[in-house]
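Read through the structure below, which is laid out as structure tokens, and then see the notes.
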Amino acid sequence: MTTEMIIQILMAALGSLGFSLLYRLRPEHLPLATVGGAFVWGIYLLGLNLTENIFAACMMASIFCTLYSEVLAKFQKTPATVMLIPSIIPLIPGSALYYTMSYLVQRDLSQAWYYARLTFQYALAIALGISLVWTIWAVLFQRKNQPRDN
């Protein structure tokens with residue numbers, strides 16, 4: 001692990017902490033949301049090193065984040081989104097979206113198209129990762145709570 005990766009992971013943790021503070025997350029949830037952001041970015045970097053594919057790396061991190069949130073929700077007796085939203089913040093494609101808009105304003109359509117596709121890949125990977133885990137989680141854990149027909 002390089003120094004640059006460690007700095008990125010620390011900044012991801014700080015970003016998650018800042019977002020948690022901004023949206024007034026309960027103090028007992030702050031450390032878990034902060035660690036979640038660091039783990040998510042670490043998984044993203046690991047996935048990027050293994051696959052060299054932004055979509056796959058982002059989806060792996062999104063799946064991890066959702067699982068992390070669901071497990072903590074059970075232990076903390078809180079909705080999963082309390083951990084999911086601050087922890088997934090590092091994956092949000094802010095720079096790609098910024099460059100998309102910047103190149104559109106400059107009328108450089110080839111660069112705008114490149115960054116728009118990149119933004120879409122990030123957004124789709126995040127959405128698919130969350131949806132996949134939530135679907136499987138619902139099938140595995142919420143089916144037990146339903147009454148049986150005799």
Side-chain angles (χ1 to χ4, degrees), residues 1-105 111-145:
M1 186 176 288
T2 66
T3 305
E4 182 180 331
M5 293 170 98
I6 292 170
I7 291 170
Q8 286 184 26
I9 291 170
L10 289 173
M11 292 302 108
L14 284 175
S16 291
L17 176 62
F19 188 85
S20 299
L21 290 171
L22 183 66
Y23 285 92
R24 298 187 179 125
L25 206 63
R26 289 186 178 172
E28 62 268 18
H29 298 310
L30 289 175
L32 295 171
T34 302
V35 168
F39 280 154
V40 165
W41 194 252
I43 297 291
Y44 171 76
L45 291 176
L46 178 68
L48 203 54
N49 283 334
L50 293 175
T51 66
E52 296 182 8
N53 183 317
I54 288 171
F55 182 83
C58 191
M59 189 157 170
M60 286 171 41
S62 176
I63 287 170
F64 171 82
C65 184
T66 310
L67 284 170
Y68 175 82
S69 301
E70 287 292 342
V71 170
L72 286 178
K74 292 280 186 198
F75 289 114
Q76 296 288 311
K77 294 180 178 39
T78 187
T81 53
V82 168
M83 294 297 157
L84 177 71
I85 293 172
S87 297
I88 211 154
I89 286 298
L91 292 180
I92 304 299
S95 65
L97 184 57
Y98 169 80
Y99 286 121
T100 301
M101 300 311 292
S102 177
Y103 285 119
L104 277 173
V105 169
Q111 286 295 315
W113 178 242
Y114 169 77
Y115 284 105
R117 286 183 300 178
L118 196 60
T119 302
F120 182 73
Q121 283 181 25
Y122 276 109
L124 185 62
I126 292 168
L128 284 176
I130 292 170
S131 298
L132 181 68
V133 171
W134 278 352
T135 302
I136 293 169
W137 196 269
V139 168
L140 292 177
F141 294 104
Q142 293 180 1
R143 178 180 280 182
K144 293 178 185 177
N145 298 334

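In this chain, numbering begins with 1 at the start of the sequence shown.
For Tyr23, the ring-ring contact (aromatic ring centres under 6.0 Å, His included) criterion is met by Phe19, not counting sequence neighbours. With sequence neighbours excluded, the residues forming a side chain to side chain contact (heavy atoms under 4.5 Å, CB included) with Asn49 are Met5, listed by chain and number. Shown here are the side chain to side chain contact (heavy atoms under 4.5 Å, CB included) partners of Ile6, two or more places apart in sequence or in another chain: Met1, Leu10. With sequence neighbours left out, Trp113 forms a side chain to side chain donor-acceptor pair (under 3.5 Å) with no residue at all. Residues passing the side chain to side chain contact (heavy atoms under 4.5 Å, CB included) test with Leu104, sequence neighbours excluded: Thr100, Met101, Leu109, Ala112. Gln121 meets the side chain to side chain donor-acceptor pair (under 3.5 Å) test with no other residue; sequence neighbours excluded. Residues passing the side chain to side chain contact (heavy atoms under 4.5 Å, CB included) test with Ala56, sequence neighbours excluded: Thr51, Asn53.
To the nearest 0.5 Å, atoms OG1 (Thr119) and CG (Leu124) are separated by 12.5 Å. Considering OG1 of Thr135 and CD1 of Ile130, their distance stands at 11.5 Å, rounded to 0.5 Å. Ile136 CD1 to Leu132 CG: the interatomic distance, rounded to the nearest 0.5 Å, is 4.0 Å. Atom OG of Ser131 is separated from atom CD1 of Ile63 by 10.5 Å, given to the nearest 0.5 angstrom.
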Run the side-chain donor-acceptor check on residues 74-99: report pairs under 3.5 Å with partners two or more places apart or on a different chain.
| residue | atom | partner | partner atom | Å |
| --- | --- | --- | --- | --- |
| Ser87 | OG | Met83 | O | 2.8 |

Atom pairs and distances, side-chain donor-acceptor, residues 27-40, under 3.5 Å, sequence neighbours left out:
| residue | atom | partner | partner atom | Å |
| --- | --- | --- | --- | --- |
| Thr34 | OG1 | Leu30 | O | 2.8 |

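Under the side chain to side chain donor-acceptor pair (under 3.5 Å) criterion, the residue pairs touching residues 1-13 are Glu4-Gln8, Gln8-Trp41, with sequence neighbours excluded.
More than 12 heavy atoms of other residues, nucleotides or ligands sit less than 6.0 Å from atom CZ of Phe55. Within 6.0 Å of the CZ atom in Arg26, the count of heavy atoms belonging to other residues, nucleotides or ligands does not exceed 12.
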